[in-house]
**Student:** 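Here it is, the structure in full.
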There are 2 protein chains.
Amino acid sequence: MITIEEAEIRSKIIKAMAHPVRLMIIECLKDSTRSFSEIFDLFALDKSTVSKHLLVLKEAGIVSSKKSGTDMIYTLEVPCVTDFFGCVTAVIENNVRRQQVCLCKR
Amino acid sequence: MITIEEAEIRSKIIKAMAHPVRLMIIECLKDSTRSFSEIFDLFALDKSTVSKHLLVLKEAGIVSSKKSGTDMIYTLEVPCVTDFFGCVTAVIENNVRRQQVCLCKR
DNA sequence: TGCATTGTTGGTAAAAATACCAACAAACCA
DNA sequence: TGGTTTGTTGGTATTTTTACCAACAATGCA
């Protein structure tokens with residue numbers, strides 16, 4: 001069995017992914033690095049909000065950043081996190097399927 | 001690119017996993033179903049708190065429950081979620097490695 | 001029926017997360 | 001050097017999450 005300390009460490013990393021904006025950021029970093037302004041342009045949010053979402057991902061160790069000229073370049077450090085989305089999709093499909101069963105039976 | 005609606009649906013499922021207690025519940029359901037009292041005994045928490053954590057997992061479609069005699073039996077609906085923990089461990093190990101690099105260089 | 005046992009629900013207080021604005025820092029360029 | 005662009009940090013209001021207690025519902029048992 002997992003200890004509570006280990007669970008807390010895991011929780012921080014999973015929590016860092018548990019926000020729609022941060023999920024979209026991870027998705028857009030899946031195939032290549034992106035500059036802050038490219039990421040910022042995806043959302044109708046204040047730049048400080050986007051910057052703070054990136055900080056959450058960085059502190060979790062999911063992305064890293066480096067200065068390049070004027071830009072700040074963000075990189076997905078651990079691409080395997082996107083593998084997980086397949087399982088999340090499986091949960092979603094299972095939910096849909098179960099709801100259909102309910103609808104049919106009642 | 002993923003839409004914001006899709007990201008919100010995914011986010012709800014990931015958020016359901018993003019708590020140390022709920023991660024431990026998932027871990028303990030990995031190999032077999034468990035009764036409420038077995039799960040409750042893992043924690044020094046009020047029974048209402050544990051019950052509500054289970055409700056969060058249930059509403060996300062991660063676990064299901066069924067009454068069996070006196071007990072409420074909980075089942076992990078989508079075991080693949082535990083596969084993800086391997087990737088979370090990869091993030092943790094990467095973080096440790098990077099911190100060691102920092103410590104050496106400074 | 002009366003009384004435990006088992007688990008859920010309602011209410012509330014405290015903590016954490018989120019988004020914005022404003023101010024700031026760093027780098028570039030005119 | 002002075003101004004512009006790019007991104008971060010500080011502060012604050014709002015929302016969400018969390019945990020407890022108390023009350024309740026459902027089941028089994030004496």
Side-chain angles (χ1 to χ4, degrees), chain A residues 4-5 7-29 33-77, chain B residues 4-5 7-29 33-77:
Chain A
I4 184 72
E5 290 80 12
E8 279 166 358
I9 294 168
R10 289 188 189 183
S11 161
K12 276 178 197 157
I13 293 165
I14 296 174
K15 204 173 287 184
M17 283 191 266
H19 188 285
V21 167
R22 295 197 293 267
L23 284 177
M24 289 179 77
I25 292 173
I26 290 171
E27 274 282 347
C28 99
L29 291 174
T33 65
R34 301 280 181 193
S35 67
F36 176 85
S37 64
E38 284 179 304
I39 297 167
F40 172 65
D41 288 346
L42 295 174
F43 305 101
L45 290 172
D46 192 85
K47 60 187 171 169
S48 68
T49 302
V50 175
S51 180
K52 281 172 186 177
H53 278 303
L54 285 163
L55 184 62
V56 170
L57 289 171
K58 217 170 123 178
E59 287 181 340
I62 295 170
V63 307
S64 62
S65 64
K66 62 169 192 289
K67 195 86 183 169
S68 167
T70 316
D71 295 343
M72 185 65 82
I73 304 297
Y74 282 89
T75 305
L76 189 59
E77 271 292 303
Chain B
I4 183 72
E5 291 78 13
E8 279 166 359
I9 294 169
R10 289 187 188 182
S11 159
K12 276 178 198 158
I13 293 164
I14 297 175
K15 203 173 288 183
M17 283 190 265
H19 188 286
V21 167
R22 295 196 294 265
L23 284 178
M24 289 179 75
I25 292 173
I26 291 171
E27 274 282 346
C28 98
L29 291 174
T33 65
R34 302 279 180 194
S35 67
F36 176 85
S37 64
E38 284 179 304
I39 296 167
F40 172 65
D41 288 345
L42 295 174
F43 306 101
L45 290 172
D46 193 86
K47 61 189 172 169
S48 69
T49 301
V50 174
S51 180
K52 281 172 186 178
H53 278 303
L54 285 162
L55 184 62
V56 170
L57 289 170
K58 217 171 125 178
E59 286 181 342
I62 295 170
V63 308
S64 62
S65 64
K66 62 168 192 289
K67 194 88 183 168
S68 168
T70 316
D71 296 342
M72 186 65 82
I73 303 296
Y74 282 90
T75 305
L76 189 58
E77 272 292 303

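Below, read A as the first sequence line, B as the second, and so on, with proteins coming before strands; counting in each chain starts at 1.
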**Student:** What pair of heavy atoms forms the shortest contact from B:Met24 to A:Ala7, and how long is it?
**Tutor:**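 Smallest interatomic distance, heavy atoms only, reads CG-CB, 3.7 Å.
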**Student:** Just to be sure I understand the geometry, which residues of residues 16-25 of chain A put a non-hydrogen atom under 4.0 Å away from DNA chain C?
**Tutor:**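 Nucleic-acid contacts, sorted: A:His19, A:Arg22.
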**Student:** Contact between B:Leu54 and B:Ser65 at the side-chain level, heavy atoms closer than 4.5 Å - yes or no?
**Tutor:**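 B:Leu54 does not reach B:Ser65 side chain to side chain.
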**Student:** Select base, sugar-phosphate, or nothing to describe what B:Phe43 touches, counting heavy atoms under 4.0 Å on all strands.
**Tutor:**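 Here B:Phe43 touches no strand at all.
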**Student:** Taking any heavy-atom pair under 4.0 Å as a contact, classify A:Lys52: base, sugar-phosphate, or nothing.
**Tutor:**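 Base contact.
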**Student:** What is the first contacted nucleotide of DNA chain D and what is the last, in 5' to 3' order, if contact means an atom lying under 4.0 angstrom from a heavy atom of chain A?
**Tutor:**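 Range of nucleotides within reach of chain A: D:dT6 to D:dG11.
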**Student:** Specify the residue among B:Asp46 and A:Asp46 whose closest nucleotide of DNA chain C lies further upstream toward the 5′ end.
**Tutor:**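 The 5'-side residue here is B:Asp46.
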**Student:** Restricting to side-chain hydrogen bond (donor to acceptor under 3.5 Å, both in side chains), what partner residues turn up for B:Asp41, sequence neighbours left out?
**Tutor:**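 Expected list: none.
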**Student:** Could you pull out the closest heavy-atom pair between A:Ser64 and A:Lys58, with the gap in Å?
**Tutor:**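 Result for this residue pair: CA-CG, 4.3 Å.
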**Student:** In this structure, how many angstroms lie between the P atom of C:dT6 and the CG atom of B:Leu54, rounded?
**Tutor:**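 It works out to 16 Å between those atoms.
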**Student:** Kindly indicate whether the side chain of A:Tyr74, heavy atoms from C-beta on, has any atom under 4.5 Å from the side chain of A:Glu38.
**Tutor:**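 A side-chain contact is absent here, since even the closest heavy-atom pair is not under 4.5 Å.
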**Student:** Could you name each residue pair satisfying side chain to side chain donor-acceptor pair (under 3.5 Å) that touches residues 17-29 of chain B, not counting sequence neighbours?
**Tutor:**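 Checked against side chain to side chain donor-acceptor pair (under 3.5 Å) - neighbours excluded - the pairs reaching residues 17-29 of chain B are A:Arg10-B:Glu27, B:Arg22-B:His53.
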**Student:** For A:His53 and C:dT18, what is the distance between atoms NE2 and P respectively, to the nearest whole Å?
**Tutor:**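 Atom NE2 in A:His53 sits about 6 Å away from atom P in C:dT18.
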**Student:** Mapping A:Lys47 and A:Lys15 to their closest nucleotides on DNA chain D, which lands nearer the 5' end?
**Tutor:**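 Taking each residue's closest nucleotide, the earlier one in sequence belongs to A:Lys47.
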**Student:** Looking only at heavy atoms, which two atoms of B:Lys15 and A:Ala18 are closest? And how far apart?
**Tutor:**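 Minimum heavy-atom contact is CE-O, 3.3 Å.
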**Student:** Can you give me the closest heavy-atom contact between A:Ser68 and A:Ile73, atom names plus distance?
**Tutor:**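 Heavy atoms of A:Ser68 and A:Ile73 come nearest at CB-CG1, 3.7 Å.
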**Student:** Expressed as a whole number of angstroms, how long is the span from A:Ile73:CD1 to C:dA27:P?
**Tutor:**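 Between P of C:dA27 and CD1 of A:Ile73: 15 Å.
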**Student:** Dump the pairs, protein N or O against N or O of nucleotides 28-30 of chain C, anything under 3.5 Å, distances to one decimal.
**Tutor:**
none

**Student:** At under 4.0 Å between heavy atoms, what does A:Ser37 touch on the DNA or RNA strands: base, sugar-phosphate, or nothing?
**Tutor:**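 Answer is sugar-phosphate: A:Ser37 comes under 4.0 Å of backbone atoms only.
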**Student:** Could you pull out the closest heavy-atom pair between B:Glu8 and A:Pro20, with the gap in Å?
**Tutor:**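 Heavy atoms of B:Glu8 and A:Pro20 come nearest at CG-CG, 3.6 Å.
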**Student:** Supply the atom-to-atom distance A:Leu42 CG to A:Ile25 CD1, rounded to the nearest 0.5 angstrom.
**Tutor:**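 The distance works out to 8.0 Å.
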**Student:** Quick one: does B:Leu76's side chain get under 4.5 Å of B:Ile62's, heavy atoms only?
**Tutor:**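 Heavy-atom side-chain distance check passes, below 4.5 Å.
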**Student:** Check each residue of residues 56-66 of chain B for a non-hydrogen atom within less than 4.0 Å of any atom in DNA chain D, then write out the ones that pass by number, or none.
**Tutor:**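 Under 4.0 Å from DNA chain D: no residue of residues 56-66 of chain B.
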**Student:** Donor-acceptor pair, distance only, cut-off 3.5 Å: does the side chain of A:Asp46 make one with the backbone of A:Ser48?
**Tutor:**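 Checking the backbone N and O of A:Ser48 against the side chain of A:Asp46, a donor-acceptor pair under 3.5 Å is found.
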**Student:** Between C:dA26 atom P and A:Asp71 atom CG, what is the distance in whole Å?
**Tutor:**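 So the CG-P distance, A:Asp71 to C:dA26, works out to 18 Å.
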**Student:** Distance check, rounded to the nearest 0.5 Å: B:Ile4 atom CD1 versus B:Ile9 atom CD1?
**Tutor:**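 These two atoms lie 11.0 Å from each other.
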**Student:** What are the two closest heavy atoms between A:Arg34 and A:Cys28, and how far apart are they?
**Tutor:**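 Answer, listing the atom of A:Arg34 first, then A:Cys28: NE-O, 3.1 Å.
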